[in-house]
Amino acid sequence: MNFLDINKTETADLRSMIDGALAMKTARAGLSKGAPDPDQPLAGQMVALIFEKPSTRTRVSFDVGVRQMGGQTMLLSGQDMQLGHGESIADTARVLSRYVDLIMIRTFEESTLLELAEHATVPVINGLTDRTHPCQIMADVMTYEEHRGPIAGKKVVWVGDGNNVCASFVHAAGSFGFDLTFSGPETLEPEAEFVDQARARGAKITFQPDVARAVQNADLIVSDAWVSMHDPQSARERRHNQLRPYQVNKALMDDAKDDTLFMHCLPAHREEEVTSEVMDGPNSVVFDEAENRLHAQKAIMRWCLGL
Ligand code: CP
Ligand code: NVA
């Protein structure tokens, strides 16, 4: 099975992945990071991790996760492969499928991911495209539920740019049944197609550009960089000017509830989209999110491989 996006995966499967991730995390209590898991479902399996963009969390968490489950990994940079020098993604998919059991890719255009999945005969996982970042939001749902219990019916407020991470939150609202409020400039709203899909699945998606009003009664506030890896550097100044009113700072957190959680997929740009006071403050769970990438992706890989 491929894990291409949250909205393309059955809700029951997503739920079993979150529950599996929590169980696997619990089973590792007290073990050192490099110690093998109590069971070794990926023994004998080879996983290719392809990166066409930079990464810290995705790279390390997939690599460590595979090893903990007894498998082996191969880290591939797009530029070092023939893929970066003209070989087609379809042929790359066909070739890699002869060597490895699972492929994770971080790339630019979504079409690259979809073409890889179409031509690979092994499962493919989306490790971020310009359009979505589903593994991140699986970790975020897991993190919310670890801290606060079921996310269904809760109010999640996305503050800032309606980017790839925001898009997967929109998908997740449809799948996990939470309410999502978007607070950011109108020109940076998430794609209408995704919003319509989530609404058709029963999600309540609201747009509230007044950020102080948006965060009232929020259970979770989420932010991300103002300039993503796929955004042109020429757009940097304009984006900063547009997004400055949407900084998550102590004053904004004070407009929410005492126990409102704060999340950010990281890397963060401290004192831009979020202040250090919030990021290092008592409501922030950003490093739990980072840790949970490991556990959530292990569950995703097991699901993909039917293990
Ligand atoms: N959050 C996230 O995907 O981080 P990396 O870019 O470091 O992988
Ligand atoms: N929106 C960010 C997420 C990084 C993990 C980007 O695409 O650069």
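Predicted, not measured: the structure shown is a model, and the values here were computed from it. In each ligand, atom 1 is the first atom listed, and ligand 1 is the first ligand listed.
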Enquirer: Nearest protein heavy atom to atom 6 (O) of ligand 1, by residue and atom, and its distance?
Expert: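 Result for atom 6 (O) of ligand 1: R106 NH1, 2.8 Å.
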Enquirer: For T58, which of Q136, R106, Q297 qualifies under side-chain hydrogen bond (donor to acceptor under 3.5 Å, both in side chains)?
Expert: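 When Q136, R106, Q297 are each tested with T58, the side-chain hydrogen bond (donor to acceptor under 3.5 Å, both in side chains) holds only for R106.
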Enquirer: So F169 and W158, would you call those rings parallel, tilted or perpendicular, with 30° and 60° as cut-offs?
Expert: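 Answer is tilted, since the angle falls between 30° and 60°.
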Enquirer: Contact between H133 and ligand 1, counting heavy atoms under 4.0 Å?
Expert: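 Heavy atoms of H133 do come under 4.0 Å of ligand 1.
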Enquirer: Hey, which atoms in ligand 2 end up nearer than 4.0 Å to a heavy atom of D224?
Expert: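 Those atoms are 1 (N), 2 (C), 3 (C).
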Enquirer: Quick one, D161 with R239, criterion salt bridge (charged side-chain N to carboxylate O under 4.0 Å, His left out). Give me CA distance, side-chain angles, the key distance, then yes/no.
Expert: CA-CA 9 Å; D161 181 19; R239 286 179 153 270; 3.0 Å; yes
Enquirer: Non-hydrogen atoms of R293 versus ligand 1: any pair closer than 4.0 Å?
Expert: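 Flag set, R293 near ligand 1.
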Enquirer: Can you tell which part of R59 has a heavy atom less than 4.0 Å from ligand 1: side chain, backbone, both or neither?
Expert: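 Answer for R59: neither.
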Enquirer: Taking atom types as modelled and ignoring hydrogens, do the side chains of D5 and T132 form a donor-acceptor contact shorter than 3.5 angstrom?
Expert: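 Result is yes, a qualifying pair exists.
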Enquirer: Heavy atoms only: which of N164, N163, D161 is nearest to atom 7 (O) of ligand 2?
Expert: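 That would be N164.
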Enquirer: Check whether any heavy atom of L266 sits under 4.0 Å from an atom of ligand 2.
Expert: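 Distance cut 4.0 Å: L266 passes for ligand 2.
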Enquirer: Any idea which part of L266 is under 4.0 Å from ligand 1, heavy-atom wise: side chain, backbone, both or neither?
Expert: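 Within the 4.0 Å criterion, L266 contacts ligand 1 through backbone atoms alone.
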Enquirer: Is a donor from one side chain sitting under 3.5 angstrom from an acceptor on the other, for T73 and D63?
Expert: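 Present: a donor and an acceptor within the cut-off.
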Enquirer: Are any of the N/O atoms in M229 less than 3.5 Å from those in ligand 2?
Expert: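 Min N/O separation from ligand 2 is below 3.5 Å for M229.
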Enquirer: May I ask you to check whether E110 and T129 show a side-chain donor-acceptor distance below 3.5 Å?
Expert: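 Short answer, no.
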